[in-house]
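Not measured: the values here are computed from a predicted model.
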Amino acid sequence: MPAEYTQSDQFRGASIHLCDLSGLEIRDCDVTGLKIVDCYGGNVSLGGGFERVVVNDVDVTAYVEAELDRLHPNRVLAREATSAAEYRAAWDAIEKQWEETLDRARRLPEAKLHEQVDGEWSFVETQRHLLMASDAWIGNAVLEEDAPYHPLGLPGGGMPAEASAKLGLTLDATPTLDEVLAPRLARMATMHRVVDELTEAELDRVCGRKPADPYPDREYVVRRCLTVVCKEEAEHHRYAARDLTVLEADARTE
């Protein structure tokens, strides 16, 4: 059984020489300053938020970002929205994209929508995570609802289990796609209403709450909350569509 290390700092500043690291997976970690030198292998994959990535002395950061923007233009809308009109345009595009992708997902057997591709979230888990993101950043921070968190919400891997329990989340739930989509689509409709009623003054309003207790104590303005939700939707749609392609191919061969 491969070893597993969680919330450890024992590798900070370590040097690893002449070791077999095939199949190594690094997930949800700070890799600032990571150097891989004179190594070899096939099928090396990197994914995450990197400020600068250099491969064989070539800075590929700008190329990768430009190619992602070309393939997924909603990333640009989500990232660059600053005015009320731009947030409305971004959300309209995100809603349309998800509507098409949900139709695509429904053509697969339900069991496929619970399969993980290469250890990533399943399609259903992705919907649960986006439900949690909008509950936290819109329902709680922007709207200050009395009970903003739906039990089926799925936080990122960095939230401790006890913190999730305090929010009333049932992490071990195994809902169907339709069971998740009921609150998920309702929250998307809430977001639609928020951006429809958005004013320029509202964008700079300081929220009375932070997204959830595990988040740091600081000012959260409406503008930032909307940007986080839009970026989460755009990026996770990219992941979901990528994995749907694999699931569709699998379904055709079964």
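Of the inter-residue distances, the one linking L130 atom CG with H236 atom NE2 reads 6.0 Å to the nearest 0.5 angstrom. Residue F123 holds its CZ atom at 9.0 Å from CZ of R104, rounded to the nearest 0.5 Å. Here CG of D250 is found 11.5 Å from CG of L244. Values are rounded to the nearest 0.5 Å. Taken to the nearest 0.5 Å, the CD atom of E144 stands 12.5 Å off from the CD1 atom of I138. Atoms CD and CG, on E86 and L226 in that order, are 12.5 Å from each other to the nearest 0.5 Å. K96 contributes atom NZ, which lies 10.0 Å from atom OG1 of T101 (distance to the nearest 0.5 angstrom).
The hydrophobic clustering, which links ILVMFWY residues whose side-chain heavy atoms are closer than 4.5 Å, places L198 and V221 apart. Cluster annotation: V54 is not connected to L68 through the hydrophobic network of ILVMFWY side chains, with a link wherever side-chain heavy atoms come within less than 4.5 Å. A chain of hydrophobic side-chain contacts below 4.5 Å, direct or via other Ile, Leu, Val, Met, Phe, Trp or Tyr residues, connects L152 to L113. In this structure, V76 is not a member of the same hydrophobic cluster as W98, with clusters built from ILVMFWY side-chain heavy atoms closer than 4.5 Å. Residues V228 and L77 fall into different hydrophobic clusters, defined by Ile, Leu, Val, Met, Phe, Trp and Tyr side chains chained together at heavy-atom separations under 4.5 Å.
Between E67 and R70 there is a salt bridge, with a side-chain nitrogen of the basic residue lying less than 4.0 Å from a carboxylate oxygen of the acidic one. A salt bridge does not link K112 to E248: none of the charged nitrogens lies less than 4.0 Å from a carboxylate oxygen. Remark: R238 engages E235 in a salt bridge, criterion side-chain N to carboxylate O under 4.0 Å. Salt bridge annotation for R184-E233: present, with a cationic side-chain nitrogen under 4.0 angstrom from a carboxylate oxygen. Salt bridge present: R187 and E145 bring a charged side-chain N and a carboxylate O closer than 4.0 Å. D196 has no carboxylate O lying under 4.0 Å from a charged side-chain N of R88, or vice versa, which leaves the two without a salt bridge.
Taking the six-membered ring where tryptophan is involved, the planes of H129 and W121 are tilted, since the angle between them lies from 30° to 60°.
Between P175 and R128 there is a side-chain heavy-atom pair separated by less than 4.5 Å. Contact of the C207 side chain with the C225 side chain is registered, since non-hydrogen atoms from C-beta on lie closer than 4.5 Å. Between R218 and K210 there is no side-chain heavy-atom pair separated by less than 4.5 Å. By the 4.5 Å heavy-atom criterion applied to side chains, H114 and T174 are not counted as neighbours.
Taking each heavy atom of L131 and S134 in turn, the nearest pair found is O-OG, 3.1 Å. The two residues V229 and W91 have their closest heavy-atom pair at CG1-CZ3, 4.1 Å.
In this structure, L34 places its CG atom where more than 12 heavy-atom neighbours from other residues, nucleotides or ligands lie under 6.0 Å away. A 6.0 Å sphere centred on CG of D118 holds no more than 12 heavy atoms belonging to other residues, nucleotides or ligands. For CD of E197, the number of neighbouring non-hydrogen atoms (other residues, nucleotides, ligands) closer than 6.0 Å is greater than 12. Annotation for E200: atom CD counts as buried by contact number, over 12 foreign heavy atoms lying within 6.0 Å.
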Show which side-chain atoms of residues 154-169 pair as donor or acceptor with protein atoms under 3.5 Å away, not counting sequence neighbours.
residue, atom, partner, partner atom, Å
S164, OG, P160, O, 3.4

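For the residue pair T227 and Y87, a side-chain donor N or O sits within less than 3.5 Å of a side-chain acceptor on the partner. Remark: the T176 side chain and the D178 side chain contain no N/O donor-acceptor pair separated by less than 3.5 Å.
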### Query
Taking it one step at a time, do N74 and H237 satisfy side-chain contact (heavy atoms from CB on, under 4.5 Å)?
CA-CA 10 Å; N74 281 358; H237 180 273; over 6 Å; no
